[in-house]
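Just so it is clear, the model here is predicted, and its values are computed rather than measured. Convention: sequence-line order gives letters A, B, ...; per-chain numbering from 1.
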Amino acid sequence: MTNPAFQSRRKFLQNIGYISVGFSFFPGCAAESDPVMASRIDYLGDLPRVMERAHQVNAWLQVLADGRVKVYSGKVELGQGIRVAIQAVAAEELDMDLDRVAVHLAETGVTPNEGYTAGSGSIKSSAMSVRYAAATARSELLKLASARLEAPLENLTLYNGTIRSTVDDKSIEIQNLLQGKQIETTVTTPVPIKAKDQHKYVGKAIPRQDIHKMVAGEPVYIQDLRFPGMVHARIVRPPNHRSELVSLDDARLKQQVPGIIKTVVNGNFLGVMAQREYQAVKAERYLREHSQWTTPQTFPAMENLYDHIRDIADAPENIRDDGEAAATLEKGNTLKSTYTKPYIKHGSLGPGCAVALYDREVLHVWSNSQGIYPLREALAAMLSMEPDNIHIVSVPGPGCYGHSTPDDAAADAALLALEYPGKHIRLQWSRDDENSWEPYGSAIIADLAASLDENGKIEAWISDIWTDSHSTRPNKDAGTLLTARQLENPSQMQSPGYRGGGHRNGDPYYAIPNLQLNAHYFDGPLRVSSLRSLGAFANIFAIESFMDELAEVAGKDPLDFRIEHLDDQRAIAVIQKVKAMTAAETVGAGEGLGYAFSRYKNYDGYAAVAVRLKVDAASGGVSLIKMWAAVDHGEVINLDGLKNQTEGGMIQAASWALHEQVTFDQEKITSTDWSKYPIMRFNDIPEVEVAVIDRPLEPVLGGGETAGPPTGAAIANAVYRASGKRIYDLPITLEKISNQQ
Amino acid sequence: MPRYTLNVNNTPREVEAEGDTPLLYVLRDHLELNGPKFGCGVAQCGSCMVLIDGKAAVSCTLPVSSVGQSEITTLEGLADDNGKLHAVQEAMVQEQAAQCGYCLNGVIISAVSLLNKNPNPGISDIKNALQANLCRCGTHTRMIKAVAAAKNR
């Protein structure tokens with residue numbers, strides 16, 4: 001099977017030629033008269049780093065034969081609404097209606113290589129690249145038209161794809177101006193971008209276009225892909241990551257389960273394909289019952305997890321050392337606390353899924369991976385193929401919130417596709433496998449120590465953070481794929497991945513003269529990778545709990561105490577805002593109102609969060625009543641998208657803080673379904689109110705991960721106010737509240 | 001292999017499947033419907049819900065052999081004869097009540113089931129009715145608002 005768009009676009013990326021893609025859909029509009037042109041200002045700042053590689057306008061934007069514009073982004077839709085944000089930015093700069101802009105998200109050979117969709121970087125990187133490419137396209141189009149129409153630039157306007165002269169009736173449509181060519185101009189500063197006070201879409205609440213498809217049951221997700229002749233596959237995973245397949249008896253499988261196509265055994269990788277999906281499910285069960293695996297003891301006793309982590313950690317690495325923290329702490333008046341956060345899951349609502357087809361030349365893979373180009377490198381390494389012979393199409397999937405199982409599912413499907421060429425293989429993971437094999441968010445220990453001066457201000461602070469890796473995402477090392485580790489010739493991961501994410505936000509954002517941060521890295525017992533906000537959730541839980549403890553020792557109001565230690569007016573502004581939002585709250589008996597603040601990564605978005613909750617005196621059970629957030633992400637692109645991300649991030653973090661913990665015995669993961677890994681359900685959901693401080697003249701900051709970290713801490717602080725119990729160990733369960741002395 | 005004639009979205013649909021095949025697989029794989037989603041396979045998350053005779057039910061553990069002549073309605077079957085979406089579907093769009101949207105199927109089905117028996121539910125009724133549905137993106141508050149708005153449509 002070949003995909004014409006893919007082939008021709010791939011050629012473009014190699015040769016930088018041009019393409020034209022037909023469109024069946026043409027929007028009805030036309031009659032509206034052109035508005036007065038918005039003024040432009042020169043953008044002189046940095047261009048996104050991805051533009052060093054993809055620097056030409058046509059890497060990001062193409063004019064279609066019907067005058068519509070197609071924008072290419074290497075980012076993927078994760079439910080964060082990136083598609084509409086990119087669409088809005090392009091429409092804004094080109095003065096086009098939104099529906100004249102189509103967005104083509106990540107596909108190898110077609111879109112720019114933007115690495116992973118992660119770290120709240122899509123707006124900052126991809127949408128800003130599109131903004132500068134579209135703005136450059138606009139000025140180039142006007143220059144071309146000026147020459148063609150023999151009209152001075154200042155007499156020309158561009159609106160909805162038509163360039164008109166304001167002094168006579170000359171006009172030309174952009175597709176006729178380009179005549180099949182594309183704009184190959186390199187994007188360089190200064191870029192003339194639209195003045196922000198004249199924005200029509202950007203900064204407003206722009207509805208997403210995909211929700212009406214979701215509610216109507218139209219095909220949206222990777223799970224909804226269907227191809228003629230497609231077959232279904234399941235994998236039988238071992239009991240644990242050190243297990244080996246001892247024996248398999250599949251001789252009677254075909255008699256017992258109809259529709260079986262093939263069993264594939266490769267080392268400890270055991271897969272099965274069938275005509276119908278449920279036949280594959282039954283085959284998986286049959287093979288599980290008819291296979292023997294070793295089950296070596298591989299995990300520490302769960303109750304000793306944190307001692308185990310301290311035992312296995314490397315010598316500490318100093319990350320930051322301002323002033324004389326250690327010496328100052330020795331002078332006395334020192335408070336020390338230890339906070340812990342267990343392993344937690346991404347817990348995607350839909351387990352891993354992928355489709356693959358090997359057409360005997362090219363391996364095609366459909367995946368909801370967060371990084372299709374890095375996945376291609378990993379697949380190429382695992383399968384000993386040339387990356388150019390692997391074509392990956394990004395398809396939206398259920399939310400994953402970091403590096404979860406889509407890449408592994410793609411690797412499973414790819415391996416099976418090579419075993420059964422010419423057929424689309426749809427591979428679906430089970431819930432049990434998802435819960436047992438996804439790479440979790442690392443367990444973290446934070447030892448904090450601080451001292452106060454005679455005025456009750458923090459004089460010195462030391463954070464010691466114990467953490468495993470926070471990214472083992474796919475790359476050219478095949479061992480990053482679970483599948484590759486289980487093959488007859490296994491590849492084990494060559495590097496621990498990105499461990500620095502573990503001490504993210506480990507040093508407080510507060511102005512403290514003597515400040516030290518040390519990281520104690522460990523290679524822990526459970527598989528880990530990036531989970532939304534990486535180490536920041538645990539570290540801000542620790543720091544912001546500790547800030548309340550310090551404020552109490554200093555005899556100060558917790559919010560005033562924070563403001564006393566801040567120099568950054570934007571940080572103070574979000575705290576003041578959330579204080580104002582909760583000023584009228586009166587807490588009842590057994591209730592508590594807790595606060596927390598963080599600036600994500602210490603250089604990204606700002607959030608102050610408040611939580612009002614009730615602790616049941618008898619049981620220790622926590623009921624959330626309301627949560628508030630005030631956030632500042634600089635320039636807002638899509639107001640509603642940002643609010644949605646903030647609300648969702650808070651609820652997800654509340655679920656982490658109150659409910660979540662990966663459980664295991666010494667042989668296997670035991671939190672294999674939603675009864676053993678409960679998350680928040682509708683009855684637990686509080687009211688949520690979000691205030692966004694828009695700063696249109698400030699750079700865009702990432703919005704996906706800002707409000708989660710302070711939410712966990714605000715809950716812990718509210719529990720303390722409600723019950724008098726300070727919780728140091730997540731999750732905040734009723735046993736800990738009722739039993740702790 | 002056994003054959004079953006199912007009543008799906010007001011249309012008789014003939015399928016050939018082993019009797020123990022859960023309804024979910026028949027709807028997705030045999031009948032190529034997208035509404036009901038696979039989430040857990042053990043009746044814990046609600047992603048796979050359909051209306052059976054107007055009441056929300058999980059389809060991932062329900063053998064096709066036990067469905068009989070019950071009226072099965074999926075997300076695709078909620079619109080009226082003119083293609084106008086159900087009030088709950090419209091309200092979800094209006095409130096932008098999705099991030100990834102994977103749970104929306106079950107949430108909408110549960111909400112329609114609730115409104116079928118209680119046209120004027122309060123917030124706690126709505127939460128109770130959605131208790132069988134998991135959402136991982138944290139879009140709950142928007143969905144609750146949407147259901148509350150839908151009852152007035």
Roughly how far apart are [X] [atom1] and [Y] [atom2], rounded to 0.5 Å?
X      : Y      : atom1 : atom2 : answer
B/N133 : A/R681 : CG    : CZ    : 8.0 Å
A/Y221 : B/C100 : OH    : SG    : 5.5 Å
B/Q131 : A/F682 : CD    : CZ    : 9.0 Å
B/D29  : A/Y278 : CG    : OH    : 12.5 Å
A/R226 : B/R28  : CZ    : CZ    : 5.5 Å
A/E687 : B/I144 : CD    : CD1   : 10.0 Å

Would you check, one step at a time, whether the test side-chain contact (heavy atoms from CB on, under 4.5 Å) holds for B/L75 with A/M214?
-> CA-CA 9 Å; B/L75 210 51; A/M214 295 172 179; over 6 Å; no

Does NZ in A/K626 sit with more than 12 non-hydrogen atoms of other residues, nucleotides or ligands closer than 6.0 Å?
->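 Enclosed: over 12 neighbouring heavy atoms sit under 6.0 Å from NZ of A/K626.
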
Quick check: are there more than 12 heavy atoms from other residues, nucleotides or ligands sitting under 6.0 Å from CG of B/D80?
->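 Atom CG in B/D80 is packed in, count exceeds 12.
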
What part of [X] is in contact with chain A, defined as an atom under 4.5 angstrom from a non-hydrogen atom: side chain, backbone, both or neither?
X      : value
B/E90  : neither
B/N105 : neither
B/T21  : both
B/I123 : neither
B/V107 : side chain
B/H30  : both
B/L134 : both
B/A98  : both

Greatest number of heavy atom pairs closer than 4.5 Å to chain B - which of [options]:
options                        : value
A/I211, A/N683, A/D224, A/I651 : A/N683
A/V688, A/D673, A/D432         : A/D673
A/N435, A/N644, A/I685         : A/N644
A/H232, A/M230, A/R532         : A/H232
A/R276, A/Q223, A/E277, A/E647 : A/R276
A/S675, A/G648, A/S430         : A/G648

So which atom in [X] and which in [Y] form the shortest heavy-atom distance, rounded to 0.1 Å?
X      : Y      : result
B/R136 : A/S655 : NH1-OG, 4.0 Å
A/P351 : B/G39  : CD-O, 3.3 Å
A/I206 : B/Q96  : O-OE1, 4.4 Å
B/Q44  : A/W674 : OE1-N, 2.8 Å

For chain A, which candidate among [options] shows the most heavy-atom pairs at distances under 4.5 Å?
options                       : value
B/S124, B/P22, B/A17          : B/P22
B/C137, B/G101, B/G35         : B/C137
B/L24, B/L78, B/L33           : B/L33
B/Q89, B/K127, B/H86, B/E76   : B/K127
B/L104, B/L85, B/N128         : B/N128
B/V93, B/T139, B/T141, B/L130 : B/L130

Step by step, would you call A/S348 with B/Y102 a side-chain contact (heavy atoms from CB on, under 4.5 Å)?
-> CA-CA 9 Å; A/S348 178; B/Y102 200 76; over 6 Å; no

Checking [X] against chain B: side chain, backbone, both or neither under 4.5 Å from a heavy atom?
X      : answer
A/V281 : side chain
A/P396 : neither
A/K213 : neither
A/L349 : both
A/M680 : backbone
A/H346 : backbone

Below 4.5 Å, heavy atoms only, C-beta onward: do A/V215 and B/I108 meet side chain to side chain?
->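 Yes, their side chains come closer than 4.5 Å.
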
Any chance you could lay out the side-chain contact (heavy atoms from CB on, under 4.5 Å) test for B/R142 and A/D640, step after step, and finish with the verdict?
-> CA-CA 11 Å; B/R142 288 172 176 237; A/D640 193 59; 3.1 Å; yes

Verify, without hydrogens or angle tests, whether B/K37 (side chain) and A/G350 (backbone) share a donor-acceptor contact under 3.5 angstrom.
->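 A pair under 3.5 Å: no.
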
Positive for side chain to side chain donor-acceptor pair (under 3.5 Å) with B/Q99, one of A/Q652, A/Q645, A/Q80, A/R208 |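 Result: among A/Q652, A/Q645, A/Q80, A/R208, A/Q645 is the only option passing the side chain to side chain donor-acceptor pair (under 3.5 Å) with B/Q99.
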
Can you list the residues that meet the ring-ring contact (aromatic ring centres under 6.0 Å, His included) rule with B/Y4, with sequence neighbours excluded?
->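 Not a single residue meets the ring-ring contact (aromatic ring centres under 6.0 Å, His included) criterion with B/Y4.
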
